[in-house]
Asker: 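Mind looking over this structure? Questions follow.
Since the structure is predicted, the reported quantities are computational estimates derived from the model, not experimental observations. One-based numbering, in listed order, for ligands and for the atoms of each.
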Amino acid sequence: MRIDTDFLLIGSGIGGLTFALKVADHGTVAIVTKKTDQESNTNYAQGGIAAVVSAKDSFQSHIEDTIVAGAGLCRRKVVEEVVRRGPECIQQLMAWGTHFSEKESGDPSLALGREGGHSHARIVHSSDLTGAEVERSLLEQIKNHPNIRLFPHHQAVDLIVNEDRRCLGAHVYNPETGQVRLFSARVTLLATGGCGHVYRHTTNPEIATGDGVAMAFRAGAPVANLEFMQFHPTALYAPEARSFLISEAVRGFGALLLTLSGDRFMKRYHPSWELAPRDVVARAIDHEMKLSGEPYVLLDLTSLNADKVKTRFPNIYKRCLEYRIDITAEPIRVVPAAHYMCGGVKTDMDGRTPITGLFASGEVACTGLHGANRLASNSLLEALVTSARAAAAAIQEIKTSPPTPKKMPPWDKGGSVNEEEWVLISHDRLEIQRLMWDYVGIVRSNRRLDLAQKRIGLISEGIEDFYRATAVTAGSVELRNLALVARLIIRSALRRKESRGLHFNTDYPERDDRRWRRDTILGRSTKL
Ligand code: FAD
Ligand code: SIN
């Protein structure tokens with residue numbers, strides 16, 4: 001069955017939901033999302049949203065911190081726009097019903113956290129469950145709007161783009177019915193989030209398989225800066241569990257990073273010690289783990305006031321107790337894990353891609369804000385600003401765009417062999433994740449990248465053959481996307497012959513501003 005709508009939004013995290021609320025008075029909105037409505041990276045965000053809301057802080061300082069973290073690749077205009085709209089975004093969320101933590105003892109002004117790379121405390125938060133609170137309030141607004149329909153368990157498979165390079169919507173798979181539905185739209189927004197599951201260890205939930213980047217690339221949209229994968233320095237080391245993030249705000253609160261022998265090693269790596277930018281801290285931990293041969297380092301809060309720790313980080317305290325760790329009494333074992341995709345589908349400040357009618361916002365997009373390394377807590381902010389701007393542009397777009405044609409390109413996936421063949425590729429997901437972790441991780445080299453490229457080529461061929469021959473399944477769609485995104489990351493990393501921000505290559509350990517102060521852009525003509 002075909003669904004016709006003015007605005008098709010793929011993804012129900014902060015990027016998709018903000019856009020929905022901004023356009024809903026101007027047309028019909030369909031949101032497809034591949035799991036339950038709240039399942040998204042947004043829902044797990046802990047630290048908060050960076051915004052200049054204190055008189056002691058300044059836009060200039062937030063702009064400079066963002067640009068310093070971005071290691072020469074941020075687009076200054078984008079940084080200025082995003083930072084200056086921070087306070088307005090916080091007000092907007094509060095008007096939509098988001099509750100942020102306030103200062104103690106009856107002071108109604110917002111409590112502000114501190115994170116790495118920020119020169120001021122400027123992180124607006126809801127204790128350590130900021131994302132869940134934002135997601136809750138946005139979904140509540142969405143459900144009350146008569147123009148918005150939300151389709152959970154609907155996985156977009158591919159965009160529909162005509163010969164004039166106009167996006168007409170997407171083919172969407174519903175695993176519950178086994179059917180592929182056509183969603184036709186005058187404007188389509190990709191808000192599919194990141195790709196943490198390309199890597200073996202990640203802080204991201206399972207939805208993060210890079211679908212948006214893969215769909216956009218297949219449709220002919222350029223992607224940028226995918227070599228800049230951000231590894232969060234401190235995920236809980238608990239081999240029996242999926243990675244759980246220990247927020248950077250914990251270090252901002254005073255927690256120390258120690259080796260197992262008690263050495264506060266960050267003093268050797270950066271003048272800001274534990275509050276250095278994320279790339280520096282992650283590499284330092286990686287280096288210390290290699291030196292010591294230990295599989296983790298320690299994050300120690302035991303000298304901090306226990307009651308204050310429990311009040312500020314109730315979720316982290318509770319989750320660690322589930323792993324029999326009382327964070328007020330013993331240090332936490334931590335390791336870096338893949339966390340955030342700084343590159344993505346290349347867009348302008350309004351989230352526009354070069355394909356008419358196709359926008360992208362949030363983690364899937366590369367607007368130029370983050371450059372080579374995202375400053376902590378700038379991503380929720382970026383999604384809020386880009387979605388608001390994209391919504392304004394999209395509202396104009398539908399005033400002049402033609403209605404979608406009655407006759408649309410059919411779903412043309414020929415394969416009909418069914419899932420019994422799955423065994424042929426059932427190990428590929430894990431193999432890709434291991435390959436990326438071992439060869440395309442925090443520290444890279446030419447040899448590792450070359451090996452990774454050869455292996456991913458072979459794995460991808462097998463996956464494509466399988467995909468073409470079989471009926472569509474949720475697993476095969478994701479696997480195909482993971483393989484493509486892995487190839488794009490490897491290709492981007494091979495292109496950049498220097499070390500900058502999150503991309504560190506031992507064969508080119510220096511930053512080379514003369515030749516490499518530019519984005520890595522892969523497009524249709526790129527040979528993978
Ligand atoms: P998401 O919130 O990830 O939403 C993507 C949506 O797309 C999901 O609904 C998903 O199901 C859907 N989707 C994906 N593929 C498809 C498909 N094929 N078809 C249909 N639907 C699809 N950033 C900060 O600024 N501050 C923080 O404190 C912070 N903490 C974080 C903590 C954790 C543990 C993690 C993982 C990230 C954190 N981040 C933080 C990063 C931030 O949460 C994300 O970058 C941001 O939430 C991304 O929002 P989004 O809307 O772009 O994507
Ligand atoms: C965190 O809370 O450490 C995550 C913040 C972010 O990813 O921006």
Asker: Take a 6.0 Å sphere around CD of E464 and say whether it holds more than 12 heavy atoms from other residues, nucleotides or ligands.
Answerer: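 Yes, CD of E464 has more than 12 neighbouring heavy atoms, counting only those of other groups under 6.0 Å.
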Asker: Please check whether M215 reaches ligand 1 - meaning an N/O of the residue sits under 3.5 Å from an N/O of the ligand, judged on distance alone.
Answerer: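 No, no N or O pair falls under 3.5 Å.
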Asker: Starting from atom 41 (C) of ligand 1, find the nearest protein heavy-atom neighbour and note its residue, name and distance.
Answerer: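 Looking at atom 41 (C) of ligand 1, the protein heavy atom closest to it is S379 OG, 3.4 Å.
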Asker: Between F244 and Y323 (judged by ring centroids, cut-off 6.0 Å), do the two rings come close enough to count as a pair?
Answerer: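 That pair fails the under 6.0 Å test.
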Asker: Just to be sure I'm reading this right: ignoring hydrogens, which of F244, Y44, Y173, F19 gets closest to atom 32 (C) of ligand 1? Compare them by their nearest heavy atoms.
Answerer: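 Minimum heavy-atom distance to atom 32 (C) of ligand 1 goes to Y44.
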Asker: Could you tell me if D128 and S247 have a donor-acceptor pair between their side chains, going purely by distance under 3.5 Å?
Answerer: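 No, no side-chain donor-acceptor contact under 3.5 Å.
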Asker: With atom 17 (C) of ligand 1 as the reference point, say which of T202, D37, D211 has the nearest heavy atom.
Answerer: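 The nearest heavy atom belongs to D211.
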Asker: For ligand 1, which atoms, with element, lie under 4.0 Å from some heavy atom of H154?
Answerer: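 Close to H154: 19 (N), 20 (C).
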Asker: Quick test: of every protein heavy atom, which one is nearest to atom 19 (N) of ligand 1, and how far off is it to 0.1 Å?
Answerer: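 Of the protein heavy atoms, A156 N, 2.8 Å lies nearest.
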Asker: What residues form a ring-ring contact (aromatic ring centres under 6.0 Å, His included) with Y199, not counting sequence neighbours?
Answerer: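 Scan of Y199 (ring-ring contact (aromatic ring centres under 6.0 Å, His included), adjacent residues dropped) gives F231.
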Asker: May I have the step-by-step check of side-chain contact (heavy atoms from CB on, under 4.5 Å) for S40 and N43, ending in yes or no?
Answerer: CA-CA 5 Å; S40 57; N43 202 41; 3.7 Å; yes
Asker: So which heavy atom in the protein is nearest atom 45 (O) of ligand 1, and how far is it from that ligand atom?
Answerer: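 Ranking protein heavy atoms by distance from atom 45 (O) of ligand 1, first comes E363 OE1, 2.7 Å.
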Asker: Could you tell me whether the side chains of R136 and Q38 share a donor-acceptor contact shorter than 3.5 Å?
Answerer: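 Side-chain D/A pair, R136 to Q38: absent.
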Asker: Would you check the N or O atoms of K34, main chain and side chain alike, for any that come under 3.5 Å of an N or O of ligand 1?
Answerer: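 Yes.
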Asker: Below 3.5 Å, N or O to N or O, backbone or side chain included: is there any such pair between N41 and ligand 1?
Answerer: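 Among all N and O atoms of N41, at least one is under 3.5 Å from an N or O of ligand 1.
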Asker: What is the closest protein heavy atom to atom 51 (O) of ligand 1, and at what distance does it sit?
Answerer: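 Going by distance alone, atom 51 (O) of ligand 1 is nearest to G15 N, 2.9 Å.
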Asker: Ion pair present between D158 and R480, side-chain N to carboxylate O less than 4.0 angstrom?
Answerer: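 R480 and D158: salt-bridged.
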Asker: Do me a favour and list the nearest non-hydrogen protein atom to atom 7 (O) of ligand 1 with residue, atom name and distance?
Answerer: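 Atom 7 (O) of ligand 1 sits closest to the protein heavy atom G11 CA, 3.1 Å.
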Asker: V32 heavy atoms, cut-off 4.0 Å: which ligand 1 atoms fall inside?
Answerer: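 Result: 20 (C), 21 (N).
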Asker: Purely on distance, is any nitrogen or oxygen of A45 under 3.5 Å from one on ligand 1?
Answerer: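 No; the residue has no nitrogen or oxygen that sits under 3.5 Å from a nitrogen or oxygen of the ligand.
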Asker: So for ligand 1, is I207 a polar contact partner (N or O within less than 3.5 Å, distance only)?
Answerer: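 No, there is no polar N/O contact under 3.5 Å.
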Asker: Would one find an N or O of T33, backbone or side chain, under 3.5 Å from an N or O of ligand 1?
Answerer: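 Yes; the residue has a nitrogen or oxygen that sits under 3.5 Å from a nitrogen or oxygen of the ligand.
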Asker: Tell me which protein heavy atom sits closest to atom 37 (C) of ligand 1, plus the residue, atom name and distance to 0.1 Å.
Answerer: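 Result: H339 CE1, 3.5 Å.
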Asker: Could you report the tightest heavy-atom contact between L298 and P331, atom names first, then the distance?
Answerer: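 Smallest interatomic distance, heavy atoms only, reads CB-CB, 4.0 Å.
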Asker: So which protein heavy atom does atom 47 (O) of ligand 1 come closest to, and at what separation?
Answerer: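 Ranking protein heavy atoms by distance from atom 47 (O) of ligand 1, first comes T42 OG1, 2.8 Å.
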Asker: For R264, give me all partners under salt bridge (charged side-chain N to carboxylate O under 4.0 Å, His left out), at least two apart in sequence or on another chain.
Answerer: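 Result, salt bridge (charged side-chain N to carboxylate O under 4.0 Å, His left out) vs R264: E274.
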Asker: Do N481 and R218 have side-chain atoms, one donor and one acceptor, less than 3.5 Å apart?
Answerer: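 Side chains of N481 and R218: pair found under 3.5 Å.
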Asker: Tell me whether R122 is salt-bridged to E115, with the criterion being a basic N under 4.0 Å from an acidic carboxylate O.
Answerer: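 No, no charged N to carboxylate O under 4.0 Å.
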Asker: For ligand 1, is E115 a contact, meaning one of its heavy atoms is under 4.0 Å away?
Answerer: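 Contact check E115 vs ligand 1: negative.
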Asker: Run the numbers for me: atoms of ligand 1, each under 4.0 Å from some heavy atom of G362, listed by number.
Answerer: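 Checking each atom against G362, I get 52 (O).
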Asker: Is the closest side-chain heavy-atom distance between L275 and R251 below 4.5 Å?
Answerer: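 They are in side-chain contact.
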Asker: Under 4.0 Å from any heavy atom of N378, which atoms of ligand 1 are there?
Answerer: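 Here the atoms of ligand 1 in question are 25 (O).
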Asker: Which of the numbered atoms in ligand 1 are under 4.0 angstrom from any heavy atom belonging to L245?
Answerer: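 In order of numbering, the contacting atoms are 32 (C), 33 (C), 34 (C).
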Asker: Run the side-chain donor-acceptor check on residues 380-395: report pairs under 3.5 Å with partners two or more places apart or on a different chain.
Answerer:
| unit_1 | atom_1 | unit_2 | atom_2 | d |
| --- | --- | --- | --- | --- |
| E382 | OE1 | H370 | NE2 | 2.9 |
| E382 | OE2 | T367 | OG1 | 2.6 |
| T386 | OG1 | E382 | O | 2.8 |
| S387 | OG | G15 | O | 2.7 |
| S387 | OG | S361 | OG | 2.7 |
| S387 | OG | A383 | O | 3.2 |
| R389 | NE | D350 | OD1 | 2.7 |
| R389 | NH1 | E81 | OE2 | 2.8 |
| R389 | NH2 | D350 | OD1 | 2.9 |

Asker: A side-chain contact here means heavy atoms from C-beta on lying under 4.5 Å apart; do L112 and V124 qualify?
Answerer: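 Yes; the side chains approach each other to less than 4.5 Å.
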Asker: Side chains of R85 and E88: closer than 4.5 Å at any heavy-atom pair?
Answerer: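 When only atoms from C-beta onward are counted, E88 and R85 do touch, with a gap below 4.5 Å.
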Asker: Can you tell if the side chain of V281 reaches within under 4.5 Å of the side chain of M266, non-hydrogen atoms only?
Answerer: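 With C-beta onward as the side chain, the pair touches.
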Asker: Decide whether R181 and H154 meet the rule of one side-chain donor and one side-chain acceptor closer than 3.5 Å.
Answerer: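 Present: a donor and an acceptor within the cut-off.
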Asker: Is any N or O atom of T203, backbone or side chain, closer than 3.5 Å to an N or O atom of ligand 1?
Answerer: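 No: no nitrogen or oxygen of T203 is under 3.5 Å from one in ligand 1.
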Asker: Between the main-chain N or O of L8 and the side-chain N or O of T188, is there a donor-acceptor pair closer than 3.5 Å?
Answerer: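 Not confirmed, T188 side chain does not pair with L8 backbone.
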Asker: Would N41 and E363 count as having a side-chain donor-acceptor pair, cut-off 3.5 Å?
Answerer: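 Yes, because at least one side-chain N or O of N41 sits under 3.5 Å from a partner of the opposite role on E363.
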Asker: Give yes if a backbone or side-chain nitrogen or oxygen of K35 is under 3.5 Å from a nitrogen or oxygen of ligand 1, and no if not.
Answerer: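 Between K35 and ligand 1, no N or O pair is found under 3.5 Å apart.
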Asker: So for I10, does at least one of its heavy atoms come nearer than 4.0 angstrom to any atom of ligand 1?
Answerer: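 I10 counts as a contact of ligand 1 under the 4.0 Å cut-off.
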Asker: Within ligand 1, which atoms have a heavy atom of N204 less than 4.0 Å away?
Answerer: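 Counting atoms of ligand 1 from 1, those under 4.0 Å from N204 are 36 (C).
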Asker: With side chains defined as the heavy atoms from C-beta onward, is the minimum distance between T209 and K34 less than 4.5 Å?
Answerer: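 The answer is yes, as the side chains (C-beta and beyond) meet within the 4.5 Å cut-off.
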Asker: Among all protein heavy atoms, pick the one closest to atom 26 (N) of ligand 1 and tell me residue, atom and distance.
Answerer: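 Of the protein heavy atoms, G48 O, 2.7 Å lies nearest.
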Asker: Using the ring of each side chain (for Trp, its six-membered ring), is F359 parallel, tilted or perpendicular to F19, with breaks at 30° and 60°?
Answerer: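 F359 and F19: tilted rings.
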Asker: Between L381 and ligand 1, does any nitrogen or oxygen pair lie at a separation below 3.5 Å?
Answerer: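 No; the residue has no nitrogen or oxygen that sits under 3.5 Å from a nitrogen or oxygen of the ligand.
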Asker: What does the list of residues with a heavy atom under 4.0 Å from ligand 2 look like, ordered by chain and number?
Answerer: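 Lining ligand 2 at under 4.0 Å, by heavy atoms, one finds Q46, G47, E115, H232, L245, S247, E248, R278, H339, R374, A376, S377.
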Asker: At under 4.0 Å between heavy atoms, is it the side chain or the backbone of H125 that contacts ligand 1, or both, or neither?
Answerer: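 Neither part.
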Asker: I'd like to check which ligand 1 atoms, numbered from 1 as shown, lie under 4.0 Å from a non-hydrogen atom of Y340.
Answerer: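 What qualifies from ligand 1 is 45 (O).
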Asker: Looking at A191, which atoms of ligand 1 are within less than 4.0 Å of one of its heavy atoms?
Answerer: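 Those of ligand 1 that fall under 4.0 Å from A191 are 4 (O), 5 (C), 6 (C), 7 (O).
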